[in-house]
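Encoded as structure tokens, the structure appears first; notes follow it.
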Amino acid sequence: MLTFFLKKLPSVVMVAIASSVIAFVLPRLAPGDPAVALAGSDASPEQLAAVRDQLGLNGSLYEQYFHWIWNLLHGDLGRSFAMRRPVATLISSRLESTIELAALALVLMIIIGFTLGILSATLRNQTTKAALDVVNTICLATPPFLTGLLLILLLGIAFPILPVSGEMGLLRDPVKGLQYLILPAFALALPQAAVVARLLATAINSVRGEDFIDLAKAKGVPPGRLMRRHLLRNSLGPAIVAIGLRAGELLGGAIVIEAIFARNGLGQLAVSSVQNRDYLVLQALILGAVLIAVLIQLLSEITIAALDPRIRLEG
Amino acid sequence: MTDIAVQSVAPLLNVEGLSASFAGRHATIRIIDNVSFEVKPRRVLGIVGESGSGKSVTVRSILDMLRNPGRVDSGTVMFNGRDLVGLPEAEMRKIRGKRIAMVFQDPQAALNPVMTVGEQIAEALVVHGASRAAARERAFELLRQVGIPDVERNFDQYPHQFSGGMRQRVVIAIALANKPSLLIADEPTTALDVTIQAQILRLLCDLKDELGLSIIMITHDMGVVAELCDDLVVMYGGRVVERGTVADVFSAPRHPYTAALLHSVPRIDSNTGSQLRAIPGSPPTPARLPSGCAFHPRCRFAVERCRSEVPRLEELAPAHSAACWVSAADRMSVPPEEEGLVRKARRTLSANPILQIEDLRTDVNRGSGSFFSKAKPIFAVDGISLEIRPGETLGLVGESGCGKSTLSRTIVGISPVAGGKITVAGRDVSAMNPEDRDTIVRTIQYVFQDPFASLNPRRSIAQSLGEALGVAGVNGEKARERSVELLLRVGLNEDFLERYPYELSGGQRQRVGIARALATEPKLLICDEPVSALDVSIQAQIINLLEELRDELGLAYLFIAHDLSVVRHISDNVAVMYLGKIVEMGTAEQVYGSPQHPYTAALISSTPEPALDARQEKIVLAGDMPSPANPPSGCRFRTRCPIGPAYFPEREICSTSSPNLKETATGQKAACHFAGTPIKAGTRDEAGNG
Amino acid sequence: MTVPQSKPMHRRWFNPSIARYMEAFTTTRGIAALTAIILISALAFLAPVVFPGGYDVQSRESLRAPSFLHFFGTDELGRDLFVRSIYGLRSDLALVYFAVPVSMVAGTLLGLIGAVSPRLGSFVQRCLDIIVGFPGLILGICVVLVLGAGWTALLVVIVVSGLPGFGRLARATLLSQQQREYVIAARTLGVGKWQIMVRHILPNAVDPIIVQGAVFVVSAIFIEAALSIVGLGLQPPEPSLGTLLNNGIRYISRAPTYVLGPTVILIIVALAFSMLADALNATVNRK
Amino acid sequence: VRADDGKPVRGGTITVSQTADAQPRNILTLRAGNSPWVKNVFETLTQTDPETFEVKPLLAKSWKVAADGLSMDIVLRDDVTFHTGRKMTAEDIKFTLETMALPETAAQVGFIAKEFQSIDVTSATTLTIKFKKPLANIFDLFEEANVIDKETYAKREDGSQVIGTGPFKFAKWSPGASIMLERYDSYRDKSLPYLDSIEFAVITDSTASVSALRSGRSVMATGLSQNDLVEFTNNPQYQFVNSGGTIFPLGVNVTKAPFDKKEVRQALGYAIDRQRINDQVFGGIGVPTDLFWGVGSPGYGKDQALHYGYDPKKAKALVEKAGATGAKVPIVVPSIPANRSIFEIVQNNLKEIGLAPEAVVLDVADFDKRQVAGDLGPAFILIHGQVGFSTATLLSSLPSLRQGNPSGFWSDQYATLRNAVTAANSPEATDKAVKALSDYMLDEAFSLSLVQTPGQTILSDTVKGVKATLRSQMLFGQAYLAE
Ligand SMILES: Nc1ncnc2c1ncn2[C@@H]1O[C@H](COP(=O)(O)OP(=O)(O)OP(=O)(O)O)[C@@H](O)[C@H]1O
Ligand SMILES: Nc1ncnc2c1ncn2[C@@H]1O[C@H](COP(=O)(O)OP(=O)(O)OP(=O)(O)O)[C@@H](O)[C@H]1O
Ligand SMILES: [Mg+2]
Ligand SMILES: [Mg+2]
């Protein structure tokens, strides 16, 4: 395990460095100025210059970059230009919202994905199977924001059952929090669940062609047990890779979903920091997202190894 | 069909008129047609036939285990007085694994990779109602019974930690778990080495006697039939073409196909001076089954009636039936074939070796290390020296994984040289710089094992050949002419140029593979198991082709195979390889006639012979070949050696010093401290832990 | 020596791998997908002929409900929403029909670089990993900000987002193909790296890439829509399905068809291409 | 604002939704994110009645302007305390006014404070301000000069200490999410405020804001798009709070072709269908007007407001006369829904008169930066949330009109007319000066006001007593929950 991490370390570091450079440069290439966000569009040029000076935006780009990295290595993410608060505080205050959303979406994605996947791999009846396939394809073809809009139209406007905007921390009020959470999480999870379902079904069907399934059948193993002990365990690999990849997309998808459902999570923070050119916040968010993606990938590799005795991580 | 009823004993299983088909996209294809046979208690029924003849489909139909979209169309399968055809799935499950058990071909694939071996055996009992504890107890017992050592530890191992032979033992243990009365073994040894095959066959034999089993044994190897079976069913194109006791069929085959099958394989003691008797053409595919007798296009006796009418299976001798119009008409066994054509005299060219290898080593683990640590070297080829002269064939034999392919890949520069020297056409090419590679390409070409994998499915034959000719500097219209020449050379014709590999049979592809290798006009062909993926009838065609090419073009061959009979047939000299080293080397006559190394002797003895008189005690090697990652000290063979320290503890020298390849009394070279010591046949067959 | 009999073969006038793709269009699913795509594309690209008035005919009739005159009703500026949706579809299709192939080619080439230099190959792969790690929309937003909203920016965003997928697929093919016997055979023959790549590896990479291409068309349309929803899509008055959604969301309760129309069109397009991908995938994977 | 009909009750918490985030750093400037709450935490010297335009005392008890108009004496209340408990003194007023003048404060009306000669604190509750020249718009400054606590002002930036004298204390800021205000128990009027606390939730999406309002999660929403407001127009449960607002002008750069020709600029005036913009973009809530000045403010000429009627024929003729037919007109638009919609109508109108408009949509941050730099190209659609300032102030605070405007327009006559407005010290003089300036501006047509829309605030009838300032900053001091 340790050797596995050591082996991965150089490439993780390389990814981190490269993404830090991109995260630093890309927003700065965009025209606009964090000082304007502070001084306002009605400000005069002198006022703007004064604000820029106050924010320390007059150093060279190299200086700013190395300053940022240096502070980063010392655990200091800097201070938001727009909100004048430490970036770390800002991010941690938004973290709960996004984590709750992504976590519930992840759970929903896994549950729905597995149910659909197993169903479509086991159903014998051609019509039900075809119907399930159509449902799956539609889910696949409907991105989270459309699902979100349709859910709002349906459950927020036509039949106002669930709140469609705002949020409530799960820790503060679990019942209400869940009510706020369920629609956005569902919207976010559905298309990804369809992907997971499809991959799982494909994997199950291909495992079905393996000899050991025949042997199990020849042993007299009944279908339920066959699915659990033989088919599913051997098909989890691709599903987990998919879940890993999708988990990253959940975070990306959260941006639009948060906008639609008026949730104040990291996605909204990212969008507003783009709008305000709040570089330091944006940099931290991008870097964090890339590292999380890398982490998820490592995690799914580890999970696959844990599930499959043939793969050993030392190798 | 009353022929078999004469026999007194009631059959355990009676298959009558069984037909099955697969629903394709456009049409439903009949795969087996009107198959009938019976299995009597405590007897072994062999089913033989070439690939695709419907053997597996037949036995799967019995247990209603056809893969999608297969379906049994008609017929009855009486088992213990009950018709299994149309039995509800829940009822069928009670029979599967409980009354009738199956063993599959590929032990690598037949075990669930994510369940421990013990669990998988216990599961067979649990699903038929045993308690967990009882199942576990019995599983231990079974593992012992099939000869798995160190059961306590191995019970919790995963399949990938087992060698192929051990896995097949586990599969057999699973099959025996519920003490079934019938065991169906679908080519249980095809994927295994001869040494392991001998172990498994011995095990099956013992179990049969011990447990009073009946066995259906599917195989395509007449040698295995001769060794194990009592009765025989021969299938061709989804139909039974001959049926009878093994003794009857072998002594007087009534169907031309059976006769051809018996004669197309080289015999280990055969006269190497003659061509093999190949069956022309290739086996039919069920979608395009020839009309009438499916064998007629390949049959040298075919008459007009064979083309139009399907022959019925008729009892032509007591308890011996065949489906052939010709033999039915004359009620005779198939006449012996005319002698094989005697080959032309061989041209022996200059005495300078075309390929010379000295002390070659190859590390197959190179480059797989991490950023921080170099990987431990694994020498799959560890100090090999040999030489090949023009026009000469060196046969290289050894078990799977002993490093044969690695050696050949190193010679042509695919695997890097870790040590030693390779000299090609007088030039030291060990450095493998561009000029060296150029020399190699001009001198040596490669023929691959798997004809299905060695041609790019997206490129037409013309393109594949063109590529090779392009390297030799032949392009354009010239290349086309030359391609046609090459195709003709390997027994194909111009029509094949525009075809794609999927339109070719295995034998045809292998011919194309050989044509491609000939494009650069090499002096030496390395043939890495060129026939082991082919049906016996095709195998004979290819061997004949190779011999013919050698004689006409003066080619030299490095002929790699694990089939000793084939190697004997084609080779002038033979080298026997074990775990990266050559243990014996000499002329074919020397090595086969009086093997000096115990390993060679065991290999020869393990090879099943398709003749009844050959039934004699075998030398069955215990255990598996160790991994090249940590070879045993001293003599690498000592862990399995029937004359080594495992049986004769006083022979310590084997564990301490590695024997060198040195000349023996009979003229060949052998690497054994006790070369030439006679071996007692039938050593214990418990597997050593691999 | 026996010469195996062979039926005379007429010379092929087209490559069997292309023939295999055609086979995808013999299944119900494939036919449905192809028909839908052809119809949709025809409607979209013939929009100037069918609706010669263009997409910007304004009137005082704002936010009318759907009627025979206006299938989807009208928008806030009194423009026919159906016409705008079709023109929007036209922009989207024009965008993806251009961007997706570019992304496919570029991604494939990047993925195959490893054939020429293994080190460069794994370096490129790392770079693509970074793109994957970037939170999707943020990358898009940044690119749009740098380049300015409009066609170019959308093109770049779509092309870049497709690179990792295509690159990885191509690389996976490369790595598996390099182990294939026929590639080894070519190497022992002494065929050069480039020729091996062009003759053996590239053609084998094509199958999965084409399937992925059909899948990516859907993603590409969604990228456009998502960016437009954030207000960074095409510039007014040029409509795209995304900008229609972006505007429509503001009227979601007053004029639900404003959002519903483009949504349905988006889903139909996505469905058609998903089905196409399925059909191609099924054919390509058939042995 | 609806008359209070019930008896106020103490207690309760309300939630207000706003679309922009609060900016505690910028409490001295007019910001959308601050408008809903800032006047509840901070108070000013004076406060103008939004209906009568009458200036009323708040922290100042009384004031007196010298006869020459060059100084002003102010007497302060003596019962005012900051939320820290410290008594407010004249020093704090001086600090506040001086801070207003600093460039980094970036106050829109900061330029007025720059005209001060000196601020002399004469006692704890009195001070005298001397001016460099007579300042007609001094109360615009006072209106915006939220009195700040000298000791804690620096800590306002991150919201840790936002200290004022108002009825509510600033309790907590979660950037981008919400701010909490709590009742200031030691407020000088012991009965006020009635409410215990107010949460200002940031809901950036207007539609989401509306659903929060509908579901009762919030009782008030600000910053809604006009389309969303329309839904509530005939619903008796909701009322609009109309004051302040936004001006949407179409500016052109007079140094760039084809707008270097006055005919073309005037043609734009006739070409644009302001009424349709108001109806379709703003649901009829706004006022189509050719003038920048607050509707009904001194000098707002009703005829002048309709100077350019929608007359595409005339416009076309003018364009033809100037030979500008077919000219390409890139129009810079900030990526704000209203501006984009306005652009769509404008470009449609411009096509009608033979011009070839095309959109250059800029991200808001980019647009703002270029607006500050006065570098927006030949034509642009702006957005100014400054309705409610006096004309004199607007002249210097509106980027469209001030010196260095993106139209590149400046002339001696313009300067003279502007000075006349600033110097006017009687209603009649103002009226005359503004009308003269309006005539000149309408003729030059360098920046065309299209429509003015009121502050976009909607209030549920569950809460009563909410008031607003002239610039639609909300006052909850006397608000209470209806039973
Ligand atoms: N699932 C399937 N779908 C379609 N055709 C099949 C399927 N399984 C087998 N077949 C066809 O049925 C025929 C008989 O197959 P079968 O496996 O019985 O042959 P076999 O005699 O066991 O050959 P082998 O020696 O290769 O195992 C073959 O031609 C094969 O192509
Ligand atoms: N890349 C590798 N890493 C580790 N071990 C390897 C690698 N390649 C080959 N080996 C090991 O080297 C040994 C020799 O392999 P090789 O393929 O040469 O055997 P072979 O004699 O050709 O066997 P077969 O008869 O099955 O073709 C095997 O034990 C194999 O496991
Ligand atoms: Mg078989
Ligand atoms: Mg090999």
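Proteins get letters first, then strands, A, B, ... in listed order; numbering begins at 1 in each.
- The shortest distance between side-chain heavy atoms of V25(A) and Y65(A) does not fall below 4.5 Å.
- With a 4.5 angstrom heavy-atom cutoff, I141(C) touches chain A only via side-chain atoms.
- Contact annotation for L260(C): only side-chain heavy atoms (C-beta onward) come within less than 4.5 Å of a heavy atom of chain A.
- Contact annotation for V15(A): both backbone and side-chain heavy atoms come within less than 4.5 Å of a heavy atom of chain C.
- Residue L291(A): no heavy atom, backbone or side chain, is found under 4.5 Å from chain C.
- When each of A293(A), A289(A), P143(A) is checked for heavy-atom pairs under 4.5 Å with chain C, P143(A) comes out on top.
- Residues S103(C) and I158(C) are not in side-chain contact: their nearest non-hydrogen atoms beyond the backbone lie 4.5 Å or more apart.
- Within 6.0 Å of OH on Y97(C) lie more than 12 heavy atoms contributed by other residues, nucleotides or ligands.
- Between Q283(A) and L77(A), the closest side-chain pair of non-hydrogen atoms is not below 4.5 Å.
- The parts of A225(C) that come within reach of chain A are both its backbone and its side chain, each placing non-hydrogen atoms under 4.5 angstrom from that chain.
- The two residues Q212(C) and L169(C) have their closest heavy-atom pair at CB-CD1, 3.4 Å.
- Evaluated for a side-chain contact (heavy atoms from CB on, under 4.5 Å) with E224(C), the options L95(C), V157(C), V96(C) yield exactly one hit, L95(C).
- In summary, the side chains of S228(C) and N246(C) do not present any donor paired with an acceptor at a separation below 3.5 Å, with no hydrogens or angles considered.
- Of the atoms belonging to L245(C), it is side-chain heavy atoms, and not backbone ones, that fall under 4.5 Å from chain A.
- Contact count versus chain C (heavy atoms, under 4.5 Å) is highest, among L287(A), V134(A), T142(A), for T142(A).
- Looking only at heavy-atom pairs under 4.5 Å with chain C, the residue among T137(A), L285(A), I152(A) that has the most is T137(A).
- With L266(A) as reference, L95(A) is the one residue of L95(A), L90(A), V271(A) to meet the side-chain contact (heavy atoms from CB on, under 4.5 Å) rule.
- Residues of residues 193-204 of chain A placed with any heavy atom under 4.5 Å of a heavy atom in chain C are listed by number as R198(A).
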Could you walk me through whether Y87(C) and R90(C) pass the side-chain contact (heavy atoms from CB on, under 4.5 Å) check? CA-CA 5 Å; Y87(C) 272 96; R90(C) 178 168 172 253; 3.7 Å; yes
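- The shortest side-chain heavy-atom distance between I210(C) and M104(C) falls under the 4.5 Å cut-off.
- Most heavy-atom pairs under 4.5 Å with chain A, from the set V144(C), D129(C), V146(C): that is V146(C).
- Heavy atoms closer than 4.5 Å to chain A are found nowhere in I221(C), neither backbone nor side chain.
- The 12-atom threshold is not exceeded at CZ of F186(A), counting heavy atoms of other residues, nucleotides or ligands nearer than 6.0 Å.
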